[in-house]
Amino acid sequence: MGWRLKKDYNNSDNWYFFKITDHGKNKKTGKIERDEDPLSEEEIVECGFDLEWNYSQALEFYDNTFKPNQKILKIESKINAHKRVSRRKFKKSIFLPPHLVKKFYNDFLLEKYPSPEKKNKDDKTKKLLKGYDGYWNTAQDVIAEVCVKPEDYFMKPAKFYLYAIERGLSPSWFKKIIRFINLWGYFYSVQTKKPFLKIPSPEGQYRERLYDSYHENKKEGLESDPITFDILNKIEICDEFNNFDYKNKMESKHFKFLYIGCAFGLRPSETKRLLTDYKRVFHKIEKDRNGITCLHVNQPKLITLAKDKRWKVIPVLYEEQEIALKYIKEGKFKIPLTKTIHRLISPRHNNYGVRKGFFDTMV
């Protein structure tokens, strides 16, 4: 950030004061991009200028007073930043001793999660290993911020959950970070000969708060146009076992996932839960008093209600719902990636679109 005093060449007594914001080099042109924003009269006065001054008086104040003061403020800012960094490093060294961190990375982490470049291309675990450096770096930031020692991880998991909730972290990303924090906790405890129990996965209220905070912070990214049966019926489907053109066709398991969401107006997380709910804890298929088949879906986020009142009951009235019910029983569906939906439907749609079109479809 910088400043610029500019003379009005049409009137030598007039002048303008600008705030310059530097955006760095443009990768395509190689030129430095800057924005010059003119300051209002109130902002100019706050900087110490007098609006009655002519250009010569303003320039003298700018060169002799304003610029030296800005240099002093800049130096003070650097000193304060250095102090903050030093305090952060000192706090981090308490919970992450440098010699143990280095040993953990070289002798433990690289052995358990070898570099992806050293693995065979056909190795199925390659995707899981990719990017572990980023997970470990983030895990260190979390450990330094939360300030909990490994022997207390199991007793104080809420501090880690609240860290993710306050920042609206992705639940799947947070799950990976916790995995690396637990690896560090195990290694640290072995080296220091202290007991260790890992951080448990968030459940109940914390789990729901984690998902809610993520959706609230990513509100714009989760907005979607409705996905209806008319849209789904136009999509070409390919069988996952045959070598079809995946760029122009959707895998059947992804199509079934969207179809179920359209038929019952379920959230993506609710549809995913159906896939792993083998014991029918979160869903059940029963007939009501009138003999109509209904899909019952449990909503754990309604923690203020009694357990028997957390069920969402959806009657199966239409042919599309009967087809979707068969897909649920088969269990051969999987949530598609957002980029898959963008490619085959449109950039304005994502997995939440199936829920938005449910009411209009049923009416």
Side-chain angles (χ1 to χ4, degrees), residues 172 211 215 222-302 308-363:
S172 59
Y211 275 91
H215 294 326
L222 295 174
E223 289 180 356
S224 170
D225 286 351
I227 296 178
T228 62
F229 287 115
D230 291 336
I231 293 175
L232 292 179
N233 291 334
K234 294 178 183 178
I235 298 175
E236 293 188 61
I237 308 170
C238 65
D239 193 332
E240 59 185 334
F241 297 106
N242 296 326
N243 187 21
F244 283 97
D245 182 7
Y246 288 95
K247 291 185 178 180
N248 301 314
K249 297 182 179 181
M250 181 176 284
E251 292 186 62
S252 60
K253 58 185 178 183
H254 296 154
F255 174 82
K256 290 176 181 178
F257 185 95
L258 297 176
Y259 199 95
I260 292 170
C262 269
F264 296 111
L266 301 178
R267 297 181 179 86
S269 58
E270 293 173 337
T271 308
K272 282 179 66 177
R273 192 179 290 127
L274 296 177
L275 186 62
T276 56
D277 189 24
Y278 304 112
K279 296 183 179 180
R280 299 284 181 93
V281 176
F282 294 104
H283 85 284
K284 53 188 177 182
I285 302 169
E286 296 178 347
K287 290 187 177 182
D288 62 8
R289 298 175 184 176
N290 300 319
I292 298 175
T293 303
C294 297
L295 173 65
H296 300 247
V297 180
N298 188 273
Q299 302 174 93
K301 69 178 297 180
L302 303 179
D308 58 338
K309 295 182 179 180
R310 297 178 192 173
W311 290 91
K312 175 166 59 177
V313 182
I314 310 166
V316 180
L317 303 175
Y318 304 101
E319 182 182 355
E320 291 84 357
Q321 290 179 311
E322 293 178 357
I323 295 171
L325 207 60
K326 291 180 181 178
Y327 291 159
I328 292 174
K329 293 178 180 178
E330 290 174 0
K332 296 180 180 180
F333 54 90
K334 185 179 180 180
I335 186 169
L337 296 174
T338 302
K339 64 180 181 181
T340 300
I341 297 177
H342 287 176
R343 187 177 71 248
L344 298 175
I345 300 180
S346 90
R348 301 187 307 276
H349 294 84
N350 59 39
N351 285 297
Y352 286 83
V354 293
R355 182 171 170 79
K356 291 195 172 186
F358 175 70
F359 179 77
D360 293 337
T361 301
M362 293 300 104
V363 171

Side chains of L344 and H254 in contact at under 4.5 Å (non-hydrogen atoms): no
Stepwise side-chain contact (heavy atoms from CB on, under 4.5 Å) check, H349 with K356: CA-CA 11 Å; H349 294 84; K356 291 195 172 186; over 6 Å; no
Residues in salt bridge (Lys or Arg N to Asp or Glu O under 4.0 Å) contact with R280, at least two apart in sequence or another chain: none
Set of salt bridge (Lys or Arg N to Asp or Glu O under 4.0 Å) partners for D277, sequence neighbours left out: none
Shortest non-hydrogen separation from L266 to L274 and the atoms involved: CD1-CD1, 3.7 Å
Residues, nucleotides or ligands: over 12 heavy atoms within 6.0 Å of E330 CD: yes
Residue list, salt bridge (Lys or Arg N to Asp or Glu O under 4.0 Å) with E320, at least two apart or on another chain: none
Closest non-hydrogen atom pair, C294 against D288: SG-OD2, 4.1 Å
Closest non-hydrogen atom pair between F282 and R273, with its separation: CG-CD, 3.2 Å
Exercise: identify the closest heavy-atom pair between S252 and I237: CA-CG2, 3.6 Å
Residue pair T271, I328: steps toward the side-chain contact (heavy atoms from CB on, under 4.5 Å) verdict: CA-CA 9 Å; T271 308; I328 292 174; over 6 Å; no
Value rounded to 0.5 Å, distance of CD in Q299 from CZ in R310: 10.5 Å
Parallel, tilted or perpendicular, as decided by the 30° and 60° cut-offs, for the rings of F333 and F257: tilted
Note: E251-K334 ion pair, threshold 4.0 Å (strictly below): no
Verdict with supporting geometry, L258 and I341, side-chain contact (heavy atoms from CB on, under 4.5 Å): CA-CA 10 Å; L258 297 176; I341 297 177; 4.2 Å; yes
From CD (E270) to CG (N298), nearest 0.5 Å: 9.0 Å
Approximate separation, where rounding is to 0.5 Å, of L232 CG and I345 CD1: 6.0 Å
I227 side, atom CD1; N350 side, atom CG - distance, nearest 0.5 Å: 7.0 Å
Heavy-atom side-chain contact between V316 and F264 under 4.5 Å: yes
For H283 against L295, the heavy-atom pair lying closest together: CD2-CD1, 4.2 Å
Crowding at NZ, K284 (>12 non-hydrogen neighbours, <6.0 Å): yes
Residue pair Y259, I323: steps toward the side-chain contact (heavy atoms from CB on, under 4.5 Å) verdict: CA-CA 9 Å; Y259 199 95; I323 295 171; 3.7 Å; yes
Residue pair A263 / A324: nearest heavy atoms and the distance that separates them: CB-CB, 3.5 Å
Rounded distance (nearest 0.5 Å) linking atom CG of L275 with atom OH of Y327: 15.0 Å
Test item: Y318 and Q321 side chains (from C-beta on) under 4.5 Å apart, heavy atoms: yes
Atom pair CG (L337) and CG (N351), whose distance is rounded to the nearest 0.5 Å: 8.5 Å
